[in-house]
There are 2 protein chains.
Amino acid sequence: MQDKLFEFISKYITLNEDEKNALLSLDLFHSVKKGTVLLREGQQSLDSYFVLKGCFRVYYIIDGEEKTTAFYTELDAFTPHCAINKTSSDYYVSCVEDSILLISNAEMSVEVNRKFPKFDIMCRMLSEELLAKQRIDFDEFKTSSPEQRYLNLLQKRPDLIQRVPQHQLASYLGIKPQSLSRLRARILEKKI
Amino acid sequence: MQDKLFEFISKYITLNEDEKNALLSLDLFHSVKKGTVLLREGQQSLDSYFVLKGCFRVYYIIDGEEKTTAFYTELDAFTPHCAINKTSSDYYVSCVEDSILLISNAEMSVEVNRKFPKFDIMCRMLSEELLAKQRIDFDEFKTSSPEQRYLNLLQKRPDLIQRVPQHQLASYLGIKPQSLSRLRARILEKKI
DNA sequence: TGTATTTCTTAACTTAAGTGAACGATTTGT
DNA sequence: ACAAATCGTTCACTTAAGTTAAGAAATACA
């Protein structure tokens, strides 16, 4: 599991043994049970998450209804808005499956980055990359219909459709669960 | 105009005179006429943009139709996907108004960041902040209807509705120009 | 294992967005 | 200043998503 982390990091920077050990000494690895809520609305947390195995999601509760807006799976990194702005969270973060996550908090990062400026470089590269990638996702969302979005998801993250409940997928696609059911039926009819 | 830049930077890091002069010596300031296309589909550019005055937009041409997905106005920063991934661009970038932009290219940045590691820190802070902010925007988009999105825009960026053509706004809101017209008429009726 | 709860699907009806077309208003270029 | 092109609005019609409700299927858990 540690290897997965170092392999991921090696795409950005090269670590020597000292640096690797410094990382490992931080007690970042956590086993998290399905359904565990990592962050709640209103809460102030400085934690960041990185998925080694499993899946977690971000959701809002609007008018008593859950609206899932993001899923994070293997090798995805996520720092909640509240950790960056030191505000309280607008959303919840919870585990979709039993998972192994890296959980680091901002104070920790400051210290590591002071000792090893390399990490700062990596974080910069990573967030620039994520920013650009997310913008593409947003653009695709804006320029396509719910049906196209579903077909697109089927292409790009086929695993999600298997591992995640339909009603969570629906709001991720910006529609109601009933509409997702109907839309899938429509696609199946077209194929036959 | 330079003051605006330094004021912006001061939110992240503190620059001494040497550092300020190093920045100014780079010939970053550009006056750009309305309608100028800064980046085309298929083009490979390493330029990043920062708006001191004016407005530019990002748009795709899909099935011969322009789909505007983003507007950048005063103090907004934007690095295209192609500059980060060294690929060719999927979209166009063009000026909505006569503007004053900072245009920097990646090689330039590498050099400046080598001389002044501070800039790297700032870039990291900025892109983390933008990443989190953009995610909130995306979440709001997913969880609301076209009408809500329009009303939301009216609140958050009222200037955009004045300075930008309706048909560009429409695709920014994820709908057709006719639907935007109708939706606005509907809102007006409700108010009366 | 059996019961309660949650989730998924289907259906009928309502509402709003997409489409194609027309027309006046505005802007652009010469 | 004028003609041409672009843009914004309206309309009638089509298509798809929202809503409400009901029942079947899957899941949780005691």
Side-chain angles (χ1 to χ4, degrees), chain A residues 33-37 55 57 59 61-68 71 92 94-98 141-154 160-192, chain B residues 33-37 55 57 59 61-68 71 92 94-98 141-154 160-192:
Chain A
K33 280 267 167 251
K34 175 176 177 174
T36 306
V37 178
C55 176
R57 71 183 171 113
Y59 62 100
I61 295 184
I62 298 174
D63 301 330
E65 251 185 306
E66 272 189 19
K67 305 262 189 177
T68 298
F71 294 101
Y92 297 77
S94 100
C95 259
V96 173
E97 311 169 348
D98 290 352
F141 194 94
K142 273 186 183 166
T143 58
S144 58
S145 66
E147 184 171 327
Q148 288 172 314
R149 278 175 222 151
Y150 177 77
L151 292 170
N152 190 30
L153 192 68
L154 212 54
L160 263 195
I161 288 156
Q162 303 307 319
R163 68 206 287 194
V164 151
Q166 296 294 315
H167 67 283
Q168 291 175 11
L169 264 188
S171 49
Y172 182 67
L173 294 168
I175 57 176
K176 303 279 159 180
Q178 298 92 317
S179 298
L180 178 54
S181 268
R182 181 168 42 196
L183 176 161
R184 296 177 69 185
R186 204 163 61 218
I187 290 170
L188 274 173
E189 257 190 21
K190 281 183 196 165
K191 276 191 190 161
I192 295 160
Chain B
K33 282 265 167 253
K34 175 176 177 175
T36 306
V37 178
C55 176
R57 71 183 171 113
Y59 63 99
I61 295 185
I62 298 173
D63 300 331
E65 252 186 305
E66 272 189 20
K67 305 262 189 177
T68 298
F71 294 102
Y92 296 78
S94 100
C95 260
V96 172
E97 311 169 349
D98 290 353
F141 194 94
K142 273 185 184 170
T143 58
S144 58
S145 67
E147 186 172 325
Q148 289 173 311
R149 278 175 222 150
Y150 178 77
L151 292 171
N152 191 31
L153 194 67
L154 213 52
L160 262 195
I161 288 155
Q162 303 307 320
R163 70 207 285 193
V164 150
Q166 296 294 313
H167 67 283
Q168 290 174 13
L169 264 188
S171 50
Y172 181 68
L173 293 169
I175 57 177
K176 303 281 160 179
Q178 297 94 317
S179 297
L180 178 54
S181 268
R182 182 167 42 197
L183 175 162
R184 296 178 70 184
R186 204 164 60 218
I187 290 171
L188 274 174
E189 257 190 22
K190 282 184 196 166
K191 276 190 190 164
I192 297 162

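So you know, we letter chains A, B, ... as the sequences are listed, proteins then strands, and number each from 1.
End-to-end axis angle of the helix from C:dT1-D:dA30 to C:dT30-D:dA1, using five pairs per end and rounding to 10°, comes to 70°.
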inquiry  = Set out, in order, the CA-CA distance, both residues' side-chain angles and the distance that settles side-chain contact (heavy atoms from CB on, under 4.5 Å) for B:Arg57 and B:Val164, then state yes or no.
reply    = CA-CA 10 Å; B:Arg57 71 183 171 113; B:Val164 150; over 6 Å; no
request  = Check the pair A:Glu65, A:Lys176 against side-chain contact (heavy atoms from CB on, under 4.5 Å), reporting the backbone distance first and the verdict last.
outcome  = CA-CA 11 Å; A:Glu65 251 185 306; A:Lys176 303 279 159 180; 3.8 Å; yes
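Checked against D:dT10, D:dT9, C:dT10, the side chain of B:Gln166 finds its nearest nucleotide in D:dT9. Distance from the side chain of B:His167 is smallest for D:dG8 among the nucleotides C:dT10, D:dG8, C:dA21. Of the candidates C:dA21, D:dG18, C:dT9, the closest approach to any side-chain atom of B:Gln178 belongs to C:dA21. Side-chain proximity of B:Arg184 to D:dT9, D:dA17, C:dG18: nearest is D:dT9.
One atom, CG of A:Leu183, and another, C1' of D:dT15, lie 13 Å apart when rounded to the nearest Å. The distance between atom CD1 of B:Ile161 and atom P of D:dC7, rounded to the nearest whole Å, is 19 Å. Regarding B:Gln168, its CD atom lies at a distance of 14 Å from the P atom of C:dT27, rounded to whole Å. When rounded to the nearest whole Å, the span between CD of A:Gln148 and P of C:dA17 equals 17 Å. Here the P atom of nucleotide C:dA17 and the CZ atom of B:Arg186 are 4 Å apart, to the nearest Å. Rounded to an integer number of Å, the gap from CG of B:Leu151 to P of C:dA16 is 13 Å. Computed from coordinates, the A:Leu173 CG to D:dG18 P distance equals 11 Å when rounded to whole Å. The nearest whole Å value for the distance from the CD1 atom in A:Ile175 to the P atom in C:dC8 is 13 Å.
Atom CG of B:Leu169 and atom CD1 of B:Ile175 lie 9.5 Å apart (nearest 0.5 Å).
Residues B:Thr36 and B:Lys33 come closest through the heavy atom pair OG1-O, 2.5 Å.
Residues B:Phe141 and A:Lys142 form a side-chain contact, since some pair of their non-hydrogen atoms from C-beta on lies under 4.5 Å apart. Side-chain contact between A:Pro146 and A:Leu183 is present, with at least one heavy-atom pair separated by less than 4.5 Å. Within the 4.5 Å cutoff, no side-chain heavy atoms of B:Glu66 are placed close to those of B:Tyr92.
In terms of position along DNA chain C, the nucleotide closest to B:Gly174 lies nearer the 5' end than the nucleotide closest to the other residue of the pair B:Lys34 and B:Gly174.
Of the side-chain N and O atoms in A:Ser181, none sit less than 4.0 angstrom from OP1 or OP2 of C:dC8.
Side-chain to base pairing of A:Arg182 with D:dG18: one donor and one acceptor N or O lie within less than 3.5 Å of each other.
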